[in-house]
Asks: 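Pasting a structure here, questions to come.
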Amino acid sequence: MQALMLAAGMGKRLGRYTQNGTKCMVQVNGKALIEYAIEALIKAGIKKFILVVGYRSNVLKNFISEKFDESKLNGMEIEYIENPIFDKTNNIYSLWLAKDRLINDDTLLLESDIIFDDKILDDIIKSPDKDLAMVSLFEPWMDGTCTLMDSDKNIVGMLDKTHFNWADIGSYYKTVNIYKLSKEFSKQYYIPFLEAYQTAFGKNEYYETVLKVLTLLDSKKIKGFEVRGDQWYEIDDPADLAIAETRFAPVTEKLRMMENRYGGYWRFPQIKDFCYLVNPFFPPKKLVEEIKSSFEVLMRAYPSGARQQNLLAGKIFNVLPDHIVVGNGAAELINSFCRMVTGKTAIPYPTFNEYPARFCNSETVPIPVNSNTFEYSVSDIMNVVDSKNANNVLLINPDNPTGHFLKKDDVLLLLVELKKRNVQLIFDESFIDFAEPEIRYTLIDEDIIEKYPNLVILKSISKSYGVPGFRLGVLVNSNKDIIKEVIKNNSIWNINSFGEYFLQIFDKYKSSYKESCNLLAEERKRYAQKLSEIPGIKVYPSQANYILCEYSGKMSVTELTEKLLENHNCLVKNLVRKIPFEGKNFMRLAVIEPKNNDILVEAIRQEVLSK
């Protein structure tokens, strides 16, 4: 079997990455696409590799000759076919130039802009089916030609962008642009149709269009060979390149690269995200359907300004609109408010790093916590306030990432003492709704905020309500001047129309929200118990939608989290670089859907016991 790659194109969408070389010379994690391809072909036992070249062909040839001498090619011959009019034609003409080679031997046909797992070449070669199109179940990031298959994996149709229907994506398979074609198929069907189509429609077409015609005429000529979406990636632009580098990074780098994305994991649908914190039991299906019903209107409409958003939030939390401001997630409010904070701010560590990073006009002083339990009390806080003359206290309750929780009476006692000293309490209750029902509370109460003007409350709606894509959060305070200043620091249209609509309709789903929080509290208890049964895993008490775990096994927590990602597609939060966990073996595990929690428990068990 031989291999044929179409590599004549200019790769314009990659911009500067193809200014001095071809598309297949683009580097992914320090190695060119063509290097990955050649190494995979050698490993698969391919003895002849034909490249149709055009744009900067001499540069490509020189690059390959420098990287692969005869000893590295392991007996594989490389042949080049020049497409002299690469800038006026498309890949149908490049393939036509290689038609004589196609009828000489069975051929692996590849495009030059994909990176893939070596194993899939070996698998498609070993398949008993002679004529195959490699396909992958459609995922949101994919673009280009899709196929339809019957129950026997015969390709019964190929769809271009014109005929694509988003309502039918459950039955679509994206072409990977790797094919196995027998010489008989090429001679009897593909080459004749290729020549006829090119004569009729010209040279500026795509070779897949010919395959589309063939599948329409006879649906049993080509079968689909299914691979997973995480086994390959097509690189058309710089955004694709960044994703490909993450997907195919060495295991030691992959975890760091995933963490540095700060979300966007919908681009990696195989990943189970135990890192970012979202309510898995809310919103209910009916709420989602209600938003979908107004999707087009919301997409095309400007949102209201801050005043209207604050009215809607005030209705949800039963406070005056002058006492609340809505932010583009809690992160925007943290940034807008924390720049106003001056003097000294006492903080128990560990904490959510966004706060100390934003206290640009305030000196932070640590509140000591129990090094074994990470607990602290009102007395611990007040000792620091008095000894350090602190002007502010930051309290995240439950704390992040420990899940440590101060009950309502304790916090009210703290407020009394702080008010006497004219000290401001910055109270983040983003996770408080997940506490056990009998101790659950909120400080967003008109009587409380009126009584304690030194109380500033922040709450992430994204985390608690399961809608991080809407980017919603609130800040509450009875001092209208503080509210006005925060609003001034935000942009006038900081909330999009989807977020505003969520605030508009939420009241109808309050009972569903309460039930979702109860379900999470129950699941956290079950999940924590299963985790505690794993040898070497210590589970810390939590009242949040995450659990702090300490690992005391034979490998480091960094090794463990890397293995969870590489072997099980489970992404968890490694705390090795977080104060005060540096050099220690702690990780934070989000509480998500029960079936996925069970998958993570089993994955941890397997990796721990394998050592």
Asks: With no hydrogens and no angle check, is any side-chain donor or acceptor of His404 less than 3.5 Å from a backbone partner on Tyr376?
Replies: yes
Asks: Decide, yes or no, whether a salt bridge links Arg358 with Glu354 under the criterion of side-chain N to carboxylate O below 4.0 Å.
Replies: yes
Asks: For a side-chain contact (heavy atoms from CB on, under 4.5 Å) with Val601, tell me which candidate from Gln606, Glu533, Lys530 qualifies.
Replies: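 One option only clears the test, and that one is Lys530.
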Asks: Are Tyr276 and Tyr265 close enough that their ring centres sit under 6.0 Å apart?
Replies: yes
Asks: Please check if atom CG in Asp507 has more than 12 non-hydrogen atoms from other residues, nucleotides or ligands closer than 6.0 Å.
Replies: yes
Asks: Do Lys463 and Asp433 sit within salt-bridge range, that is, some charged N less than 4.0 Å from a carboxylate O?
Replies: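 No salt bridge links Lys463 with Asp433.
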Asks: When rounded to the nearest 0.5 angstrom, what distance separates CD1 in Ile457 from CG in Leu333?
Replies: 13.0 Å
Asks: Phe581 and ring pair (Phe, Tyr, Trp, His ring centres under 6.0 Å): which partner among Phe374, Tyr551, Tyr349?
Replies: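 Going through the options one by one, the only one that passes is Phe374.
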Asks: Do Glu500 and Gln504 have side-chain N/O donor and acceptor atoms under 3.5 Å apart?
Replies: no
Asks: Side chains of Tyr441 and Asn397: do they bring a donor and an acceptor to under 3.5 Å?
Replies: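 Asn397 and Tyr441 do have a side-chain donor-acceptor pair below 3.5 Å.
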Asks: Under 4.0 Å between a side-chain nitrogen and a carboxylate oxygen: does that hold for Glu602 and Arg605?
Replies: yes
Asks: For Thr558 and Asn574, test the side chains for any donor-to-acceptor distance below 3.5 angstrom and give the result as yes or no.
Replies: yes
Asks: Looking only at atom types and distance, does a side-chain atom of Glu245 sit under 3.5 Å from a main-chain N or O of Val28, one as donor and one as acceptor?
Replies: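 Checking the backbone N and O of Val28 against the side chain of Glu245, no donor-acceptor pair under 3.5 Å is found.
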Asks: Before accepting this row, confirm whether a basic side-chain N of the pair Glu523/Arg526 lies closer than 4.0 Å to the acidic partner's carboxylate O.
Replies: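 A salt bridge links Glu523 with Arg526.
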Asks: Answer yes or no: is there a donor N or O on one side and an acceptor on the other, between the side chain of Thr561 and the main chain of Val572, under 3.5 Å?
Replies: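 It does not hold such a pair.
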Asks: Can you find a side-chain donor-acceptor pair between Glu332 and Asn494 that sits under 3.5 Å?
Replies: yes
Asks: Is it true that a side-chain atom of Ser478 and a backbone atom of Ile449 form a donor plus acceptor pair closer than 3.5 Å?
Replies: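 Here the side-chain-to-backbone pair exists.
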Asks: Less than 6.0 angstrom separating the ring centers of Phe470 and Tyr465, yes or no?
Replies: no
Asks: Does any donor atom in the side chain of Arg577 or Asn353 lie under 3.5 Å from an acceptor atom in the other side chain?
Replies: no
Asks: Determine whether more than 12 heavy atoms belonging to other residues, nucleotides or ligands lie under 6.0 Å from atom NZ of Lys510.
Replies: yes
Asks: Whether Glu417 and Lys420 form a salt bridge (side-chain N of Lys/Arg under 4.0 Å from carboxylate O of Asp/Glu) is what I want to check.
Replies: yes
Asks: Dump the intermediate steps for side-chain contact (heavy atoms from CB on, under 4.5 Å) on Ile547 and Val539, then the final yes or no.
Replies: CA-CA 7 Å; Ile547 297 172; Val539 174; 3.5 Å; yes
Asks: Salt bridge check: are Glu436 and Arg524 linked by an N-O gap of less than 4.0 Å?
Replies: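 Result for this pair is yes, salt bridge flagged.
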Asks: Any side-chain donor paired with an acceptor under 3.5 Å for Asn392 and Gln424?
Replies: yes
Asks: Does any donor atom in the side chain of Ser377 or Asp380 lie under 3.5 Å from an acceptor atom in the other side chain?
Replies: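 Side-chain D/A pair, Ser377 to Asp380: present.
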Asks: Could you tell me whether Asp409 and Lys407 make a salt bridge, using a distance below 4.0 angstrom between a side-chain N and a carboxylate O?
Replies: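 Salt bridge between Asp409 and Lys407, a charged N being under 4.0 Å from a carboxylate O: no.
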Asks: Under 4.0 Å between a Lys/Arg side-chain N and an Asp/Glu carboxylate O for Lys286 and Glu290?
Replies: no
Asks: Do you know which two heavy atoms are closest between Pro453 and Asn477, and how far apart they sit?
Replies: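 For Pro453 and Asn477, the tightest heavy-atom pair comes out as O-ND2, 3.2 Å.
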Asks: Are the ring centres of Phe431 and Tyr546 closer than 6.0 Å?
Replies: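 Yes; Tyr546 has its ring centre under 6.0 Å from that of Phe431.
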